[in-house]
Protein chains: 2
Amino acid sequence: MDKFDFDQFLTRVLQHPQFEQHGVESYYKKGEHLFSQGEVCSDVFCMRSGLVKFYFNTLEGKEWIKSFVIDKGVLGTRSSQLLDIASPFSALCLEDTEMIRFPYKRFEEACFEDLELARAIFQFTQWLGVKKELREYQLLCLSAEEAYQAFVESNPTLVDRLTQIDIARYLGITPIALSRIKKRLA
Amino acid sequence: MDKFDFDQFLTRVLQHPQFEQHGVESYYKKGEHLFSQGEVCSDVFCMRSGLVKFYFNTLEGKEWIKSFVIDKGVLGTRSSQLLDIASPFSALCLEDTEMIRFPYKRFEEACFEDLELARAIFQFTQWLGVKKELREYQLLCLSAEEAYQAFVESNPTLVDRLTQIDIARYLGITPIALSRIKKRLA
DNA sequence: TGCCTTTATTAACCAAGGTTAATGCATCTG
DNA sequence: CAGATGCATTAACCTTGGTTAATAAAGGCA
């Protein structure tokens, strides 16, 4: 489960009659938002290509990046999907991005009709949980330098498509500190 | 879903024939481990009373606390349950603790037989996800001082039952730094 | 092409937290 | 009860990262 087969998962989801019927193909340009912090957006986004960042804006006006989704994935904001409340973070396309979106309720309904789909979604949720556990470990236990090294090592292609600024905001430091770390490591 | 009804959830789980049959009542003394970092332990623990901490030991010999479970809850280590690999963290009882434990596979089997149980477990998983999202926000976006204030505010009873050391290890700082923060706030 | 914006780097200075060590206090245990 | 252990606090010094500002390079756009 270290690697999740998104191709297979997306195929299974998108072939389902619920989604063939209610799914809407959407294309986003670099710089466009899928949803913004403070908005309610209960849709599920199935991503076929592109690059998206999820970020928080703090009260002091700073930005910190929660996560990235690159190339393929399934995404949305749980707060809106499950609790029908505003998203605590924003989703912004860093590159042109292809999506198919549909209401979260369709997901739930479809799961009751199709046990195999339910199983696939459960596995996806668990896979996400394992990923989040790793993120928690890195934020809690690693120094900025260690976190940077781990990030580069496990996401080489992603690093090439991001700015220094966004990498720093993901690590929880300033781009200046990241520049110093790179100098130290070189 | 801000508050999850563990009483109701535990009742539903523990009433299920699978668990009545295979559940084992276990009592742990303060200082005993449920499982340790590096061990495989795929059991699910249903906690009826007590206090448990989950923590990492880093390569440099430091300890950082992932989370606490207080009074009632359901716990285990996903890595072992889903992937059958060693747990990346340890679980230690900080107080005498009452548990009912059973193999993870029973959970899965029972879910296929009982859709209501599956639904309850799915809700629990999502609730956990929302909690972890909050933790991620606090680690990424808050200063140590802000994180301490947020922790005290949302867990007043828990704070009273923890040492300064464990609170600090949960926040990602040293107990000395926490002492300084308390002085600053007083 | 030239202008403007964004990005990356570096320097100088400052603030927050880590480290080591000492002290007082509470708790446990024989 | 006495000694030992663990916890909380404080001080002095060090390390790391934040802040402000300046500069140079790269990319977007008219």
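Note that the structure is predicted; figures quoted are calculated from it, not measured. The sequence lines fix the lettering, A, B, ..., with proteins before strands; numbering per chain opens at 1. Just so you know, these numbers use all the heavy atoms, side chains as well, and skip hydrogens, waters and symmetry mates.
Looking at residues two or more places apart in sequence or on another chain, you find no side chain to side chain contact (heavy atoms under 4.5 Å, CB included) involving B/E153. For A/F122, there are no ring pair (Phe, Tyr, Trp, His ring centres under 6.0 Å) partners, not counting sequence neighbours.
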Please tabulate, for the side chains in residues 6-14 of chain B, all donor-acceptor contacts under 3.5 angstrom to protein atoms that are two or more places apart in sequence or on a different chain.
{"residue": "B/T11", "atom": "OG1", "partner": "B/D7", "partner atom": "O", "Å": "2.7"}

Pairs: protein N or O with nucleotides 23-30 of chain C N or O, under 3.5 Å:
none

Grab the N/O contacts between the protein and nucleotides 7-10 of chain C below 3.5 Å, and write none if there aren't any.
{"residue": "C/dA8", "atom": "OP1", "partner": "A/Q164", "partner atom": "N", "Å": "3.1"}
{"residue": "C/dA8", "atom": "OP2", "partner": "A/Q164", "partner atom": "N", "Å": "2.9"}
{"residue": "C/dA8", "atom": "OP2", "partner": "A/I165", "partner atom": "N", "Å": "3.3"}
{"residue": "C/dT9", "atom": "OP2", "partner": "A/Q164", "partner atom": "NE2", "Å": "3.0"}
{"residue": "C/dT9", "atom": "OP2", "partner": "A/S179", "partner atom": "OG", "Å": "3.3"}
{"residue": "C/dT9", "atom": "O5'", "partner": "A/S179", "partner atom": "OG", "Å": "3.4"}

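Residue-level contact check: B/G172 touches the backbone only, with heavy atoms under 4.0 Å from sugar-phosphate atoms and none from bases.
At a threshold of 4.0 Å, the pair B/R161-B/D166 does not count as salt-bridged, since none of the basic side-chain nitrogens sits closer than that to a carboxylate oxygen.
Annotation: proximity of residues 53-68 of chain A to DNA chain D (heavy atom, distance under 4.0 Å) is found for A/K62, numbered in ascending order. Proximity of residues 138-149 of chain A to DNA chain D (heavy atom under 4.0 angstrom from any strand atom) is restricted to A/A144.
Using five terminal pairs a side, the axes of the helix from C/dT1-D/dA30 to C/dG30-D/dC1 at its two ends make an angle of 50°, given in steps of 10 degrees.
Residue pairs meeting the salt bridge (charged side-chain N to carboxylate O under 4.0 Å, His left out) criterion with at least one member in residues 14-42 of chain B, sequence neighbours excluded: B/K29-B/D96. Applying the salt bridge (charged side-chain N to carboxylate O under 4.0 Å, His left out) test to pairs two or more places apart or on separate chains, those with a residue in residues 121-134 of chain B are A/K66-B/E133, A/E136-B/K132. Residue pairs satisfying the side chain to side chain donor-acceptor pair (under 3.5 Å) criterion with at least one member in residues 169-178 of chain A, sequence neighbours excluded, are listed as follows: A/E63-A/R169.
Reading DNA chain D from its 5' end, the first and the last nucleotide to sit under 4.0 Å from a heavy atom of chain A are D/dG17 to D/dT20.
Looking only at atom types and distance, the side chain of B/K182 has a donor-acceptor partner in the side chain of B/Q164 under 3.5 Å away. Side-chain atoms of B/S42 and B/Q81 form no donor-acceptor pair, as typed in the model, at a separation below 3.5 Å.
For CZ of A/R135, the number of neighbouring non-hydrogen atoms (other residues, nucleotides, ligands) closer than 6.0 Å is greater than 12.
A distance of 6.0 Å or more separates the ring centres of A/F68 and A/F54.
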